[in-house]
There are 2 protein chains.
Amino acid sequence: MGNSRVSLRWVAQQAGVSPATVSRVSRGSATVSPELRERVLRIIEESGYRPNHLGRALAETRHGALGLVFPGLSGPYFSELLQGFEEEVQESGDSMFLLASHSHSETDTRVIDLAGRVDGLAILAGTVSDAALEQVARQVRLVVMCARERGAHTTVTMDNTTFGALARHLLVEHGYRRLAFVGNPDGSPDVTSRWEAFLGAHREAGVVPPAEPVRVGLQQSDGIIAAQQILDGGQRPDAVMCANDETALGLVLNALGRGLRVPDDLAVTGFDDMDMAAMVRPGLTTVRQPIRELATTTARLLADGEPRVTRHITLPTRLVLRESCGCRPAAAGPSDN
Amino acid sequence: MGNSRVSLRWVAQQAGVSPATVSRVSRGSATVSPELRERVLRIIEESGYRPNHLGRALAETRHGALGLVFPGLSGPYFSELLQGFEEEVQESGDSMFLLASHSHSETDTRVIDLAGRVDGLAILAGTVSDAALEQVARQVRLVVMCARERGAHTTVTMDNTTFGALARHLLVEHGYRRLAFVGNPDGSPDVTSRWEAFLGAHREAGVVPPAEPVRVGLQQSDGIIAAQQILDGGQRPDAVMCANDETALGLVLNALGRGLRVPDDLAVTGFDDMDMAAMVRPGLTTVRQPIRELATTTARLLADGEPRVTRHITLPTRLVLRESCGCRPAAAGPSDN
DNA sequence: TTGTAGGCGTTATCAT
DNA sequence: ATGATAACGCCTACAA
């Protein structure tokens with residue numbers, strides 16, 4: 001019944017055996033006679049004994065837990081990341097600590113503290129200082145996600161160059177001349193890379209890019225804010241490239257609300273290829289990135305990876321051309337959708 | 001530098017004091033002479049000593065961690081929940097375990113296991129079996145969120161009756177006669193309550209409700225699916241009440257895409273009052289519920305609450321009338337927004 | 001004020 | 001196959 005105070009030792013006494021035997025039984029160790037095993041299992045069953053995690057962890061010097069650290073952002077991106085990570089953590093029978101960084105200042109110390117409670121830590125690049133990363137790496141396994149540089153720590157990263165390919169598509173194939181970029185390059189390493197790819201594509205194409213990005217966050221509501229900034233102003237661009245699908249959707253929603261047509265009056269693109277991108281009309285042109293795989297790969301590295309070898313993994317992304325960029329609708333019934 | 005192998009005992013030897021003294025210093029206990037304190041602190045500093053969490057926790061029989069358990073859903077609702085909980089957990093210097101239930105079957109055992117690693121557990125109603133809840137409650141503090149009944153466990157709940165008030169508003173003030181309900185009453189206790197409130201309002205008003213809800217999930221993409229089901233069919237309703245803002249937004253997006261006008265051709269309402277609700281046009285009529293407060297209240301109860309007294313807290317919600325239900329736009333400049 | 005010793009609940013290494 | 005016994009790293013009476 002109540003298992004509050006039953007300890008291994010107590011079970012041992014009840015069964016008239018040594019603590020060691022109970023430990024063996026409790027863990028399914030083979031070296032115990034069927035007779036004793038039976039006796040011990042009965043007591044365990046009746047008493048509702050469950051081995052104490054702290055005691056076990058202390059003896060095994062292993063926490064049985066991994067940690068995930070990221071900025072306190074919302075949206076499908078993080079949901080996906082979280083679920084992927086958790087799924088993989090469960091697979092190996094571990095538990096998952098979550099640390100969402102709000103106040104950037106306190107995060108460093110909290111992360112270092114967290115490092116003392118886990119076997120490995122996954123940290124989204126840009127969330128903590130390099131010094132803190134160093135600290136963490138000395139204590140536990142560390143994987144940095146979405147880092148911009150292949151440093152001394154193991155990293156798992158998305159291929160952001162496809163964003164440049166998308167920019168070229170708009171510039172070259174569609175011949176757009178005035179593009180806008182929605183996203184804050186200082187906000188996250190990924191956005192930095194995308195802004196640079198955006199700039200690079202312009203350079204190649206010999207088109208002069210906007211002087212500044214439209215600096216907003218990554219939520220859908222930020223897309224609306226961006227829309228207001230872009231569409232209330234004077235001359236509106238031919239196309240706007242958003243740093244992710246969320247903001248693109250917000251932007252489309254607002255544009256539609258104004259009676260603008262997408263892509264005729266304004267082309268819009270995103271990044272992620274989340275569910276909504278395919279369901280909205282016009283279909284959202286975007287770049288597909290395997291967020292879940294990012295998470296599972298990271299978790300697996302943390303659980304299985306050689307502790308001392310640093311690896312660098314880049315996950316592939318790919319262009320997904322739909323209608324919002326100005327491409328013709330793909331085959332399929334013309335009506336419904 | 002490296003602090004991998006420095007233990008309290010080691011520090012004690014280096015400083016030429018007893019382990020007890022180091023322990024006292026390490027925890028800021030007052031009963032130690034300035035001289036020794038200084039000496040010990042120096043060694044701690046130099047060696048980068050950090051007390052081992054497992055050792056400390058085992059000795060204090062306290063994990064310094066709380067757990068949050070919910071179904072693996074995405075969307076702003078859970079982001080908010082998560083952040084609120086985490087914020088409060090940090091406040092008390094604890095850490096946060098997260099358990100997202102994917103396969104409903106395994107969840108029970110995982111939750112019970114998790115109960116052995118925390119001082120308290122917050123569980124969203126409907127995620128685990130009652131038997132598991134019972135088990136958990138015997139081991140640690142437990143708060144059930146959004147439960148439909150005030151049972152033996154402490155609960156924190158939202159007032160879902162306001163959904164009925166909203167239904168009355170549509171039925172009585174606007175005189176709509178054909179309403180639709182979007183959401184799966186079997187999916188979560190909250191949706192169950194809202195569907196019942198929906199039915200209740202119809203009964204009161206003497207209007208015959210739809211035989212069945214439009215059973216979809218709670219994501220934005222589900223709103224699109226619902227829209228297809230509702231709008232592709234024969235006679236379309238006057239108004240559709242969605243179980244949350246996400247689906248309402250998806251529905252609006254699709255309706256707009258078809259060239260329908262909201263609310264003229266179709267009124268739409270949501271639940272939550274998330275950021276987007278106020279930013280979209282037409283503004284989304286909805287019910288505001290304090291999700292963050294739900295989370296912080298729960299966490300605080302877990303951290304501070306009397307272990308043995310079960311409380312039942314209901315958080316207030318309130319009607320937010322905007323334009324999507326057919327109400328006139330509130331005061332303010334008529335143009336931009 | 002400081003140190004000693006026992007305990008927190010397991011696991012693991014030895015003997016037996 | 002089983003059982004002492006010593007870790008694991010820390011806290012905390014109790015004693016000095």
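Below, chains carry the letters A, B, ... as their sequence lines are ordered, and counting in each starts from 1.
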Check the distance between [N]'s [atom2] and [X]'s [atom1] and give it to me in whole angstrom.
X: Arg62(A); N: dT11(C); atom1: CZ; atom2: C1'; value: 14 Å
X: Gln13(B); N: dG3(C); atom1: CD; atom2: P; value: 13 Å
X: Leu8(A); N: dT11(C); atom1: CG; atom2: C1'; value: 9 Å
X: Leu58(A); N: dC11(D); atom1: CG; atom2: C1'; value: 13 Å
X: Arg39(A); N: dA1(D); atom1: CZ; atom2: P; value: 16 Å
X: Arg9(A); N: dC8(C); atom1: CZ; atom2: P; value: 6 Å
X: His63(B); N: dG9(C); atom1: NE2; atom2: C1'; value: 11 Å
X: Asn52(B); N: dC8(C); atom1: CG; atom2: C1'; value: 13 Å

- Task: Assess whether one donor atom and one acceptor atom, taken from the side chain of Arg24(B) and the base of dG3(C), lie less than 3.5 Å apart.
- Result: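 Pair found.
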
Which nucleotide sits closest to the side chain of [X]: [options]?
X: Tyr49(B); options: dC11(D), dT11(C), dC10(D); answer: dC10(D)
X: Ser18(A); options: dC11(D), dG3(D), dA13(D); answer: dG3(D)
X: Arg56(B); options: dT10(C), dG3(C), dC10(D); answer: dC10(D)
X: Ala20(B); options: dT2(C), dT12(D), dG9(D); answer: dT12(D)
X: Ala59(A); options: dC10(D), dG3(C), dT10(C); answer: dT10(C)
X: Thr31(A); options: dC8(D), dT2(D), dG9(C); answer: dT2(D)

Salt bridge present between [X] and [Y] (N-O < 4.0 angstrom):
X: Arg311(B); Y: Glu306(B); value: no
X: Asp304(B); Y: Arg141(B); value: no
X: Glu91(A); Y: Arg300(A); value: no

Side-chain N or O of [X] closer than 4.0 Å to phosphate OP1/OP2 of [N]:
X: Thr61(B); N: dC8(C); answer: no
X: Arg27(A); N: dA12(C); answer: yes
X: Thr21(A); N: dT2(D); answer: no

- Message: By nearest heavy atom, map Gly55(B) and Leu36(B) onto DNA chain C; which one lands nearer the 5' end?
- Response: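 Its nearest nucleotide being more 5', the pick is Leu36(B).
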
- Query: Quick one: CD1 on Ile291(A) to CE on Met158(A), what's the gap to the nearest 0.5 Å?
  - Reply: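 So the CD1 of Ile291(A) and the CE of Met158(A) are separated by 6.0 Å.
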
- Would a 4.5 Å heavy-atom cut-off, applied to side chains only, mark Val140(A) and Asp119(A) as touching?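 Side chain of Val140(A) against side chain of Asp119(A), heavy atoms only: no contact under 4.5 Å found.
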
- Across the strands shown, which category fits Ser33(B) at heavy-atom distances under 4.0 angstrom: base, sugar-phosphate, nothing?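 The answer is sugar-phosphate, as Ser33(B) gets under 4.0 Å only of primed atoms, P, OP1 or OP2.
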
